[in-house]
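First the structure, in the form of structure tokens, and then the observations on it.
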Amino acid sequence: MTQENAPAALTAADAQDKHRPTTSPTSATRQLCHNRQRVASVANGASRSKRHVSQNWETSAAIVASSGSALPPVPPAPARWTVASDRAPHRGRAGTALDFPGQTRNNQSRSRRPAVGPVATGEPAEPEENDAMRRMKTAAILSQAPIGEDVEVRGWVRTRRDSKQGFAFVEFNDGSTLANLQILVETSLPGYADWIHHLTTGASIGVCGVVQASPAKGQSVELLASALTLYGTAPAEKYPLQKKQHSFEFLREIAHLRPRTNTFGAIARVRNALSAAIHNFFQSRGFLYVHTPIITTSDCEGAGQMFRVTTLDLARLAQLKGEIDWGEDFFAKPASLTVSGQLEAETFACALGECYTFGPTFRAENSNTTRHLAEFWMVEPEMPFYDLADNMDLAETFIRTILRDVLERCPADMEFFNQRIDKTVLETLRNITDNEFVRLSYTEAVGLLENSGRKFEYPVRWGLDLQSEHERYLTEEQFRRPVILYDYPRAIKPFYMRCNDDGKTVRAMDVLVPRVGEIIGGSQREERLDVLVARMTECGLNPDDYWWYVDLRRYGTVPHAGFGLGLERTLLLLTGMINIRDVIAYPRTPKHAEF
RNA sequence: UCCCCGAUAGCUCAAUGGUAGAGCGAGCGGCUGUUAACCGCUAGGUUCUAGGUUCGAGUCCUAGUCGGGGAGCCA
């Protein structure tokens, strides 16, 4: 925004008049107009209602285009109806199919790229003389409020409210922020009556116009449209998303459309911010980002179902009798999708220092809960010369830092979650970022639970793993904040965890948080060769199968530690969402891999 | 995988074994610098599937499918 364009003293009414486009029929018909109707019809197929759309668009395009071509060239006017048809005359540079009035040089090439369909002419148009329009996202418009500036936005209609006062209000969203941009569409735009009813929930549009102060409550600025392009319609009688709240169960069935809702847009932005915060945390501390393999022939936990990866013909194998010859398979031995990158990450940590992995992980367990996915994302840092205390320190700092970063970066989305999803989520998160975690040994926790006077459904006894109800009691009732439990019985933990001198426990640690439960699992690793080999045998594993992992203890072994953080569980904590299937784009769970 | 609950209009849900209903959404009209708008009218149903009981089943019984909650496995 510039001082010349928008004097601070200008009233809302003044601004509106000053920037109101020329709307007389004469000037309107002078606009060179292009029809994007083919874009719409390509995207929509050929149902009855869609044909209806096409007819209207062709009609309005034909009228305006013929008028425009019959008149002598005029300077670009503020109001122009941009539609493009492959049948419409393309005259001069303004006739280029995707020409928008007033594009800046900076984003010219990008703006002229067709979104869909065959309408591009390949003839890039030169920017016009008084080209002042620039492409902007809603987030920038709302935060910068560039009053008086000509801008262009592209996105989707959320709702429309018609007024008989000569305009309609279009709620517009381009995903850049939770808030919608209110667009004022005046009935004086060419062909208004023919196309306004196509601006329904879900329709994709581009709008050029001037940013102006809004005279009504609800928004500080709005966009007064001077030109509008319809990319694709979304017939209201068919489009599944309505101008109302939908249940998460229903939205899960249309997961390809749910990013268009407030909740799932906010989740996507928070997930993005969380991922960035995770990388920032490690990168700023000198951790190395390591890409560990997705396909593996080792079983990290020595337990748990894995997804088999094979190129063998399963249909043929099913008819054959006898043993499967794995030598015939792609890797010449059984291979699976990884359940953890930890073992591979250890090899890098024991060479290059602190490192971390961040990628998808797969578990073929038949889990049907709100906290389990068959495919999920996990962050696994691994640090040489760290003991369990160092590990717990890092995990605590890590969680508090990434939560704080997301709170800072996504205030609007987080406020939305607090208002509409879980009214306690902000309080819970601040409680986590502002307070130290409780640290409790497993033995202490068992004693505490035994003496709580509380009746649990499952027994509490040293040597048994803690149940969900026990963990929830600790985090939600006893301490009301995250709890790190450590030094678990060795019998209930995997082979790679370092054995304590008591002979009964291992240097494991779980970070438990209210409502979600275990969000981090980690340990100090067993770095002593003889102890590790003995433990593998004890767990029923053949050390020869892990020869490369055991080699780390043969050559220059070091004490080291690490942990794994479930990304989706962190998102549950962050957003207040209940079901883990709603914080990942396309959840994979037993019997479900649609999309 | 186990336990419990559910499936009725596009969505969310009502409906003693006896003619299928509402709100929201949609269409049409009215009103309005509107904003979860408001007011009126209209359309919209193989009551998840397959059997069974009954004069009669959305309702009762059996099996299956799908969804939700809890548990286990774990991140």
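Chain identifiers are assigned alphabetically (A, B, ...) following the order of the sequence lines, protein sequences preceding nucleic acid strands; residue numbering begins at 1 within each chain. Because the structure is a prediction, the values reported are computed rather than measured.
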Stem segments of RNA chain B by first residue number [Watson-Crick or G-U, under 3.5 Å, at least 3]
B:1-7 with B:65-71, B:10-13 with B:21-24, B:26-30 with B:38-42, B:48-52 with B:60-64

Would you say B/G72 has OP1 or OP2 under 4.0 Å from some side-chain N or O of A/Ser468?
yes

Rounded to the nearest angstrom, tell me the gap between atom NZ in A/Lys238 and atom C1' in B/G44.
14 Å

5'-most contact on RNA chain B (nearest-nucleotide basis), A/Lys493 vs A/Tyr458, goes to A/Tyr458

Quick check for you: among B/C66, B/G25, B/G69, whose closest atom lies nearest to any side-chain atom of A/Thr370?
B/G69

Can you tell me how far P in B/U59 sits from the matching atom in B/C48, rounded to whole Å?
8 Å

When you compare B/C24 with B/A36, how far apart are their C1' atoms, in angstrom units rounded to a whole number?
10 Å

Ring pair (Phe, Tyr, Trp, His ring centres under 6.0 Å), that's the test. Do A/Tyr546 and A/Phe495 meet it? Break it down for me.
CA-CA 12 Å; A/Tyr546 297 83; A/Phe495 71 90; 5.6 Å; yes

Base, sugar-phosphate or nothing for A/Gln165? Non-hydrogen atoms, less than 4.0 Å.
sugar-phosphate

Please report the distance separating the P of B/U19 from the corresponding atom of B/C31, rounded so that it comes out in whole Å.
42 Å

Students often get this wrong, so: under 4.0 angstrom with heavy atoms, is A/Glu518 touching a base, only sugar-phosphate, or nothing?
sugar-phosphate

Short side-chain to backbone donor-acceptor contact, A/Ser214 and A/Val221, under 3.5 Å:
no

Picking from B/G69, B/G67, B/G33, which would you name as closest to the side chain of A/Leu184?
B/G33

If only side-chain N and O atoms of A/Arg581 are considered, is one of them under 4.0 Å from the OP1 or OP2 phosphate oxygen of B/G68?
yes

Can you list everything that forms a side chain to side chain donor-acceptor pair (under 3.5 Å) with A/Asn262? Sequence neighbours excluded, please.
A/Arg158

Do A/Asp422 side-chain atoms and A/Thr424 backbone N/O form a donor-acceptor pair below 3.5 Å?
yes

Over how many whole Å does the gap from A/Gln467 atom CD to B/C74 atom P extend?
11 Å

In whole Å, what separates the P atom of B/A26 from that of B/C74?
48 Å

Checking A/Arg490 side chain against A/Arg535 main chain: does a donor-acceptor pair fall under 3.5 Å?
no

So what does A/Ile519 touch, heavy atoms closer than 4.0 Å: a base, only the sugar-phosphate, or nothing?
sugar-phosphate

Given atom CG of A/Leu224 and atom P of B/U34, what is their separation to the nearest angstrom?
17 Å

Pairwise C1' distance for B/U32 and B/U46, with rounding to whole Å
43 Å

Out of B/U34, B/A26, B/A75, minimum distance to the side chain of A/Ser214 belongs to B/U34

Derivation of the side-chain contact (heavy atoms from CB on, under 4.5 Å) call for A/Tyr458 and A/His470:
CA-CA 9 Å; A/Tyr458 290 87; A/His470 307 140; 4.1 Å; yes

I'd like to know if A/Asp162 reaches the base of B/U32 with its side chain such that a donor and an acceptor end up less than 3.5 angstrom apart.
no

Aromatic ring of A/Phe376 stacked on base six-ring of B/A75, 5.5 Å, 30°
yes

Contact letters for nucleotides 9-15 of chain B, in which S counts primed atoms plus P, OP1 and OP2 and B counts the base, heavy atoms under 4.0 Å:
-BBS---

Among the nucleotides B/A71, B/G67, B/A75, which one has an atom lying closest to any side-chain atom of A/Arg252?
B/G67

Only residue of A/Val339, A/Thr338, A/Leu337 satisfying side-chain contact (heavy atoms from CB on, under 4.5 Å) with A/Arg363 is A/Val339

When you get a sec, tell me which of B/G25, B/G68, B/U34 is the closest nucleotide to the side chain of A/Glu222?
B/U34

A/Glu457 has an atom CD; how far is it from atom P of B/G72, in whole Å?
9 Å

Starting the side chain at C-beta, find the nucleotide from B/G72, B/G68, B/U32 nearest to A/Thr369.
B/G72

For A/Gly564, answer base if it contacts any base atom (sugar-phosphate contacts may also be present), sugar-phosphate if it contacts only those atoms, and nothing otherwise; contact means non-hydrogen atoms under 4.0 Å.
sugar-phosphate

Could you state the CD-C1' distance from A/Gln219 to B/U34, rounded to the nearest angstrom?
8 Å

So A/Cys355 and A/Phe287, side-chain contact (heavy atoms from CB on, under 4.5 Å) or not? Walk me through it.
CA-CA 5 Å; A/Cys355 64; A/Phe287 281 58; 5.7 Å; no

B/G6 versus B/A14 - spacing of their P atoms, nearest Å:
10 Å

If you measure from the P atom in B/G10 to the same atom in B/U1, how many Å do you get, rounded?
32 Å

Could you tell me whether the side chain of A/Glu469 and the main chain of A/Glu457 form a donor-acceptor pair under 3.5 Å?
yes

Once you round it to whole Å, what is the distance between P of B/C74 and CZ of A/Phe563?
20 Å

For A/Glu186 and B/U34, what is the distance between atoms CD and C1' respectively, to the nearest whole Å?
14 Å

Any ion pair linking A/Glu518 and A/Arg371 (charged N to carboxylate O, less than 4.0 Å)?
no

Between C1' of B/A75 and CZ of A/Phe358, the distance in whole Å
13 Å

Would you measure the distance from the C1' atom in B/G44 across to the matching atom in B/G27 and give it in whole Å?
11 Å

Is atom CZ of A/Arg420 surrounded by more than 12 heavy atoms (other residues, nucleotides or ligands) closer than 6.0 Å?
no

For the side chain of A/Arg161 and the base of B/C38, is some donor closer than 3.5 Å to an acceptor across the two?
no

From B/U34, B/A26, B/U32, pick the nucleotide closest to the side chain of A/Ala216?
B/U34

Is A/Leu567 touching bases, backbone alone, or none of the nucleic acid, heavy atoms closer than 4.0 Å?
nothing

Considering just the side-chain nitrogens and oxygens of A/Lys591, establish if one lies under 4.0 Å of OP1 or OP2 belonging to B/U65.
no

Regarding A/Arg158, tell me which of base, sugar-phosphate or nothing describes its non-hydrogen contacts under 4.0 Å with the strands shown.
nothing

Kindly say if A/Arg371 contacts the phosphate of B/G70, meaning a side-chain N or O under 4.0 Å from OP1 or OP2.
no

Candidate nucleotides B/G72, B/G33, B/U1, ranked by approach to the side chain of A/Ser367 - the nearest:
B/G72

Can you find a side chain N or O atom of A/Asn368 that sits less than 4.0 Å from OP1 or OP2 on B/G70?
no

Salt bridge present between A/Asp510 and A/Lys493 (N-O < 4.0 angstrom)
yes

Strictly distance-based, threshold 3.5 Å: is any side-chain N or O of A/Arg588 a donor or acceptor partner for the main-chain N or O of A/Glu375?
no

